[in-house]
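Each remark here refers to the structure printed beneath this line.
Only heavy atoms go into these numbers, but all of them, side chains included; no hydrogens, no water, no symmetry mates.
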Amino acid sequence: MTTAPAGSATAIAPAYGDKVIAVETAGSEPIPDSERHGGPLQLLWTWASPNIEFATVYIGVISVLFFGLSFWQATAALLLGTALGALTHGILSLDGPRFGVPQMAIGRFSFGYRGNLLPSGVNALVAGVGWFAVNSVSAAFALNTLTDLRPLPSLLIVVAAEVVIGFIGHNFVHAFEKYAFPALAVVFLLAGVWTFKEADLGGSGAGGGIGGFLLAFSTAWGYAAGWNPGASDYSRYLPRTANRFKTVLYPAVGLFVSIAIVSVIGAASATVVTPEGATPTAAFTGHLPGWLSDLVLLAIILGAVSANALNVYSSAMSITSLGLKLPPWLGRSAIVVLCGLAGTAAAWASLADAGHAYEAFLLVIAYWVGPWLGVVLVERWRQARTPDEVLSARIADRTFANWPGIAALLTGIVVSVPLFSNQEKYIGWVPERWPSFGDITCLVGFAVSAGLYAVLRRADQPTSA
């Protein structure tokens, strides 16, 4: 890729620039000014389209069916959790035009160059395997319902489309999300109108109480904040002069509005009687007229592809952010293909019990994202008066270490998960004795890691700042 130093007086023609049908070659290295393009508005649809899909619907469904909440209780929990995750997403998007690198490369500030291997590796697995599998399964069920094609061939067709988009790269991902957005929005809004006509919104729920509310909140927060580790992946090509307020506003609004509306539609659909034994997608579309049901199934497929284009792309960005010396042939595009293959294998394995696998997966996301986000936000606050030139040099410094970040991250996980987790496969010490606590693992993990990191960095200030 053509490069130019910041502030160079000589204009250099971009090798990639704003070309849409061109395979991106950049990895975790800073995007030079000659390659910067676009505006913050593109972040609106880039973060809205991936959440207008069935995985978002299912957040609302499980809040009512699994967590025992009424529609209105579920709505409150969903909106609150989504709002918090969307807010931090907007804030982290600022790092893209500021440093020009993926979000997980920016994590080197918080965890050091080598310490960042852990969170970057985890995010590569979560996005490229976990989320890729979840969304591919929902799309495969939709294609199966629409065409009667068996689940496995349906899965392979969907996966092929997802990998191709991620393989081409950044500009093509943005363009795909832009054109998918209006189609997805119209179809899901129509489905929402029909769903609310059939829904029993006045039901009292199954007695989920405070515990169910906290479970739904954690699920929604984990879903929204689960995108945070990829925030700057899609803003890093923006010019350094991009409007800061809009760079925060558009991704936050795109994320919040899409998740809020679609998940609330899902909560309403859970109050509609559905045939026993129906697949999750068939249950959601069963009450719709035939023409709209088919459109929704197509939209579910399109939405899953929209989401996984980002997931497989960000997974590759996380791997390039590991800072490993990879062979030349193993660049970003090749890594996308490898991530897609791993995610396909996970999706295939989860076809038989997708619902319960998804519930557990959503909670596990929050378990690691909470502590990670706590450390990252405290470090961001500490950097407020540090010149960008100093910080940019630190990103590439292989000798830079920050042991308090890793210590705080691991401590937050070790303290919060055994004590407060509450899911089907494991119930922590606190909810086992007091079920009304629900699942506040993400909140505890965030608070423990943020507080401990602030204390450790203050004590370590003279030697490592």
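- Remark: side-chain polar atoms of S314 are not paired, donor with acceptor, to backbone N or O of N311 under 3.5 angstrom.
- Here the side chains of S416 and L443 are not in contact, with every heavy-atom distance at 4.5 Å or above.
- Between atom CD1 of residue I157 and atom OG1 of residue T147 there is a gap of 7.0 Å, rounded to the nearest 0.5 Å.
- Heavy-atom minimum distance, G121 versus L322: N-CD2, 3.7 Å.
- The shortest side-chain heavy-atom distance between L326 and I335 falls under the 4.5 Å cut-off.
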Quick one, R332 with M317, criterion side chain to side chain contact (heavy atoms under 4.5 Å, CB included). Give me CA distance, side-chain angles, the key distance, then yes/no. CA-CA 7 Å; R332 182 208 60 81; M317 286 293 96; 3.3 Å; yes
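- The shortest distance between side-chain heavy atoms of T25 and Y16 does not fall below 4.5 Å.
- Side chains of F176 and W45 form no contact here, defined as non-hydrogen atoms less than 4.5 Å apart.
- Side-chain atoms of T441 come within 3.5 Å of backbone N or O of S421 as a donor-acceptor pair.
- Note on residues 210-224: no pairs pass salt bridge (charged side-chain N to carboxylate O under 4.0 Å, His left out), not counting sequence neighbours.
- Here the CD1-CD1 distance, from I265 to I59, works out to 12.5 Å after rounding to the nearest 0.5 Å.
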If you look only at distance, which donor and acceptor atoms sit under 3.5 Å apart when one is on a side chain in residues 180-190 and the other is two or more places apart or in another chain?
none

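- Without hydrogens or angle criteria, R108 side chain to S321 main chain gives a donor-acceptor distance under 3.5 Å.
- Note: Y223 and W131 meet the aromatic proximity criterion, with ring centroids under 6.0 Å apart.
- D95 is linked by a salt bridge (charged side-chain N to carboxylate O under 4.0 Å, His left out) to R380, counting only residues two or more places apart in sequence or in another chain.
- Side chains of L310 and E177 form a contact here, defined as non-hydrogen atoms less than 4.5 Å apart.
- The ring pair (Phe, Tyr, Trp, His ring centres under 6.0 Å) check on W291 picks up W194, with sequence neighbours excluded.
- For the side chain to side chain donor-acceptor pair (under 3.5 Å) test, no residue two or more places apart in sequence or in another chain qualifies with S49.
- Under the salt bridge (charged side-chain N to carboxylate O under 4.0 Å, His left out) criterion, D18 pairs with no residue, sequence neighbours left out.
- Evaluation of the side chain to side chain donor-acceptor pair (under 3.5 Å) rule for E379 yields R382, Q383, Y453 as partners, not counting sequence neighbours.
- Residues W221 and G370 approach most closely at CH2-CA, 3.4 Å, considering heavy atoms.
- Within the 3.5 Å criterion, the main-chain N or O of V312 finds no donor-acceptor partner in the side chain of S315.
- V134 and A55 make their closest contact through CG1-CB, 4.3 Å (heavy atoms, listed as atom of the first residue, atom of the second, distance).
- Of the inter-residue distances, the one linking T75 atom OG1 with L201 atom CG reads 8.0 Å to the nearest 0.5 angstrom.
- With contacts defined as side-chain heavy-atom distances shorter than 4.5 Å, the pair W372/F111 qualifies.
- The two residues A231 and Q103 come nearest to each other via the heavy atoms CB-OE1, 3.4 Å.
- Here F66 contributes atom CZ and T219 contributes atom OG1; the two are 11.0 Å apart, rounded to the nearest 0.5 Å.
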Show me the side-chain donor-acceptor pairs of residues 158-170 shorter than 3.5 Å, one per line, residues at least two apart or across chains.
from : atom 1 : to   : atom 2 : distance (Å)
E162 : OE1    : S136 : OG     : 2.9
E162 : OE1    : N308 : ND2    : 3.2
E162 : OE2    : N308 : ND2    : 3.1
H170 : NE2    : H174 : NE2    : 3.2

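- Judged purely by atom type and a 3.5 angstrom limit, W368 has no side-chain atom pairing as donor or acceptor with the backbone of I413.
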V262 and F54: CA distance, side-chain angles, deciding distance, side chain to side chain contact (heavy atoms under 4.5 Å, CB included) verdict: CA-CA 8 Å; V262 177; F54 188 72; over 6 Å; no
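- Below 30°, between 30° and 60°, or above 60°: for H287 and F284 the angle between ring planes is above 60°, a perpendicular geometry.
- Remark: side-chain polar atoms of S449 are not paired, donor with acceptor, to backbone N or O of F446 under 3.5 angstrom.
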For a side chain to side chain contact (heavy atoms under 4.5 Å, CB included) check, start with the C-alpha distance between T271 and E198, then their side-chain angles and the critical distance, and finish with the verdict. CA-CA 8 Å; T271 68; E198 301 288 334; over 6 Å; no
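- Taking CG of N123 as the start and CG of L118 as the end, the distance is 11.0 Å to the nearest 0.5 Å.
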Can you give each donor-acceptor pair under 3.5 Å made by side-chain atoms of residues 80-89, sequence neighbours left out, with the distance rounded to 0.1 Å?
from : atom 1 : to   : atom 2 : distance (Å)
T82  : OG1    : L78  : O      : 2.7
T88  : OG1    : L84  : O      : 3.4
T88  : OG1    : G85  : O      : 3.1
T88  : OG1    : N228 : OD1    : 2.6
H89  : ND1    : N228 : ND2    : 3.2

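- Applying the side chain to side chain donor-acceptor pair (under 3.5 Å) test to pairs two or more places apart or on separate chains, none has a residue in residues 244-256.
- Here the side chain of E35 pairs a donor or acceptor atom with the backbone of G17 at under 3.5 angstrom.
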Would you check, one step at a time, whether the test side chain to side chain donor-acceptor pair (under 3.5 Å) holds for N116 with S120? CA-CA 6 Å; N116 195 49; S120 292; 3.1 Å; yes
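- Judged by distance alone, with hydrogens and angles left aside, the side-chain atoms of S232 form no donor-acceptor pair with the main-chain N or O of S235 at under 3.5 Å.
- Of all non-hydrogen atoms in S258 and L255, the two that sit nearest each other are OG-O, 3.1 Å.
- More than 12 heavy atoms of other shown residues, nucleotides or ligands fall within 6.0 angstrom of atom CG in L156.
- Between the S28 side chain and the T320 main chain, a donor and an acceptor come within less than 3.5 Å of each other.
- Judged as a salt bridge (charged side-chain N to carboxylate O under 4.0 Å, His left out), the pairs with a partner in residues 216-236 (not counting sequence neighbours) are, in order, E24-R236.
- Remark: the N51 side chain and the W227 side chain contain an N/O donor-acceptor pair separated by less than 3.5 Å.
- With hydrogens and angles ignored, the 3.5 Å screen pairs no side-chain donor or acceptor of T285 with any backbone N or O of S293.
- A search for side chain to side chain donor-acceptor pair (under 3.5 Å) contacts involving R36 returns nothing, not counting sequence neighbours.
- Residues L297 and I301 have side chains not in contact (no heavy-atom distance under 4.5 Å, counting atoms from C-beta outward).
- Atom CG of D294 and atom CG of L288 lie 10.0 Å apart (nearest 0.5 Å).
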Determine whether V101 and I395 satisfy the following criterion, side chain to side chain contact (heavy atoms under 4.5 Å, CB included), listing intermediate values before the conclusion. CA-CA 9 Å; V101 298; I395 290 178; 4.0 Å; yes
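- I319 and C339 get closest at one heavy-atom pair: CD1-SG, 3.7 Å.
- Side-chain contact between H37 and N171 is present, with at least one heavy-atom pair separated by less than 4.5 Å.
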